Participant: 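Structure in structure tokens, see below.
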Amino acid sequence: MVDTRVVNSSVMERKAEVKNLDFYYGSAKALKSVSMVVWDRRVTALIGPSGCGKTTLLRCFNRMHDLYPGNRYDGEILLDGVNILEKQIDPIEVRMRVSMVFQRPNPFPKSIYENVAYGLRVQGITEKSLLDEKVEKALQGAALWNEAKDRLKEPAYNLSGGQQQRLCIARAIATEPNIVLFDEPTSALDPIATSSIEELMNELKEQVTILIVTHSMQQAARVSDYTAFMYLGEMVEFNETNLLFNKPADQKTQDYVSGRFG
Amino acid sequence: MTAQPLKPSGKDLQFTQKKKARELKERVIEFILFLAAFSCVATTVAIMYILISESVLFFQEVSLVEFLTSKDWSPLFDPPGYGILPLVSGTLTTTAVALSVALPMGLISAIYLSEFANSSVREVVKPILELLAGIPTVVYGYFALLTVIPALQWLYLPIGPFLSNILPNIFPAELAGFNMLGAGLVMGLMITPLISSISEDAMRSVPINLKEGSYATGATRLQTALKVVLPAAASGVIAAFILGVSRAVGETMIVAIAAGLQPTFTFNPLESAATITAFIVQVSLGDLPHGTLEYQTIFAAGLVLVLVTLAFNVIGYFLTKRFRETY
Ligand SMILES: Nc1ncnc2c1ncn2[C@@H]1O[C@H](COP(=O)(O)OP(=O)(O)O)[C@@H](O)[C@H]1O
Ligand SMILES: [Mg+2]
């Protein structure tokens, strides 16, 4: 069912590829033989009813599950051809290449500047001018520079919810990752902040590959080039977004996108 | 739904009576709760009243200037000296020694327990730490006197002559059997679990969301603990420190047993000295006639103790306000 046709005339590259991925929380199997492709510099959306495994799949890409005991992967996620689920691969290095934006804005109790510089410092960058440059670039990338440039030393908590989420996006892109994962990034935001984040994603995909979990089909339709529909831990259908919504191949997808369940 | 009758029914009247009964009951409960809360306040006020009124009598005999500047505290001798400084220096020195042990150890064990230890380790270590906090301080006092200080003396023996040659003003040739270092170290050991347990609670209440945000950038456990969890828990950690300071300043038994009881104006932990608390307990044990100046020294010293503790609490209050959690 995995559709990997080329959409544009431009050359499309596979940034990542999931192959027969099973995932277990202890003995509970949360992902069942999931396969999909993540195209370079495209937005890929994961949709499906609550509890179907979207977050679980997303957090495999940066090996977030390694933080907690008892979790187990089976299968492959190839990032630029390398299986990042291999035992000998350090999850910390994976996370430096695959960053993440969470459901609720989670800025650190630090200044705006230090929030963006956090990942850079973690990676060992200490040179002030380089940090300044990368922080500015990231804030510009997250469309926050104009609002924040005069208050870089202020605590991040002084920002509004939408600004905080854009700050978290700046933090996630500052290290120039290969993929940015978004887990329902607008679910805690008002409609205006939501649409500014969606616009931002459109700009970001010029630079970086995006994988986004969303509970809103409208949002998936608005922001993504590809959409994967998941159900009960399985990948039901994966296709170009407009095809998946307009000509779903699977009856379950058809039912879900037409709002019959979920 | 049918329309309600216009005049109030019997049932409604009964309703009102119940409300009054409930209100009365709640007033009674409120009053009992008030009494409980008030008794704490009243006790505090009463203690302060006694401390201050006895101290006022004391200061009619002794000048405030002498009390605050003289380095001689010998109220029971002839001629008496009424300078509080030796007791303050003893208190501050033992407190400083204790904190230099308790702050780093408490913090490190809190970081370990909240961010590194798995739950089975934590389940074993936490109760043991809390048990440590429950040991009577008199036991700690004798531990200091009979174990720690002899060990320190043994360690000091080979280096003492050498050090005292170079800096005879600071280093004695051999360590006294009572000294502030030993007492302070053990006091630090006693306070460590307190600081650890409060700091750990503060660190564990940092939202998982924030920690994951750090891990997601590729941060290690240590980086996450030091750069995100600790700053986020700052107000709780500072509160733990301040509580530790208050415990150290007010600690009596350990210093009375192991620090020596001679009031000496010194900040050198290698010497023996008396703290405010040690003086109070020492003098209270003798039978001093009420109303004498000697009797009143206890209250003047007690007042200083309360003020020192209060000062640390005020500092702590402003620090915690400054670092209030805002996640
Ligand atoms: N930490 C966990 N431990 C055990 N089971 C979990 C955990 N997190 C999620 N699950 C289970 O895994 C399934 C998928 O959850 P999730 O990926 O969060 O779904 P979604 O993001 O699509 O709503 C659900 O049945 C959920 O109950
Ligand atoms: Mg989810």
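Residue numbers begin at 1 in each chain, while the letters A, B, ... track the order of the sequences. Source: prediction; values computed, not measured.
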Participant: Of the backbone (N, CA, C, O) and the side chain (C-beta and beyond), which part of B/Lys227 lies under 4.5 Å from a heavy atom of chain A, both, or neither?
Facilitator: both
Participant: Quick check for you: among B/Gln223, B/Lys211, B/Arg221, which has the greatest number of heavy-atom pairs under 4.5 Å with chain A?
Facilitator: B/Gln223
Participant: Heavy-atom distance under 4.5 Å to chain B: side chain of A/Arg104, backbone, both or neither?
Facilitator: both
Participant: What part of A/Arg59 lies closer than 4.5 angstrom to a heavy atom of chain B: side chain, backbone, both or neither?
Facilitator: side chain
Participant: Of the listed residues (A/Arg171, A/Arg63, A/Arg121, A/Met64), which shares the most heavy-atom pairs with chain B below a 4.5 Å separation?
Facilitator: A/Met64
Participant: Could you tell me which non-hydrogen atom of A/Val98 sits nearest to which non-hydrogen atom of A/Asn62, and how far apart they are?
Facilitator: O-CB, 3.6 Å
Participant: Is chain B contacted by the side chain of A/Phe108, its backbone, both, or neither, given a heavy-atom distance below 4.5 Å?
Facilitator: both
Participant: Between A/Val101 and chain B, with a heavy-atom cut-off of 4.5 Å, which part of the residue counts as in contact: side chain, backbone, both or neither?
Facilitator: neither
Participant: Would A/Tyr25 and A/Thr56 satisfy side chain to side chain donor-acceptor pair (under 3.5 Å), going step by step from the backbone distance to the final call?
Facilitator: CA-CA 9 Å; A/Tyr25 288 112; A/Thr56 304; 2.9 Å; yes
Participant: Can you see which heavy atom on A/Lys153 is nearest to which on A/Ser111, and at what distance?
Facilitator: O-CB, 3.5 Å
Participant: So B/Glu251 and B/Ile191, do their side chains get closer than 4.5 Å, heavy atoms only?
Facilitator: no
Participant: Regarding A/Lys87 and A/Asp66, does a basic nitrogen lie under 4.0 Å from an acidic carboxylate oxygen?
Facilitator: no
Participant: Considering only heavy atoms, which portion of B/Ile208 lies under 4.5 Å from any heavy atom of chain A: side chain, backbone, both, or neither?
Facilitator: side chain
Participant: Could A/Lys137 and A/Glu133 be called an ion pair, given the rule that one side-chain N must be under 4.0 Å from one carboxylate O?
Facilitator: no
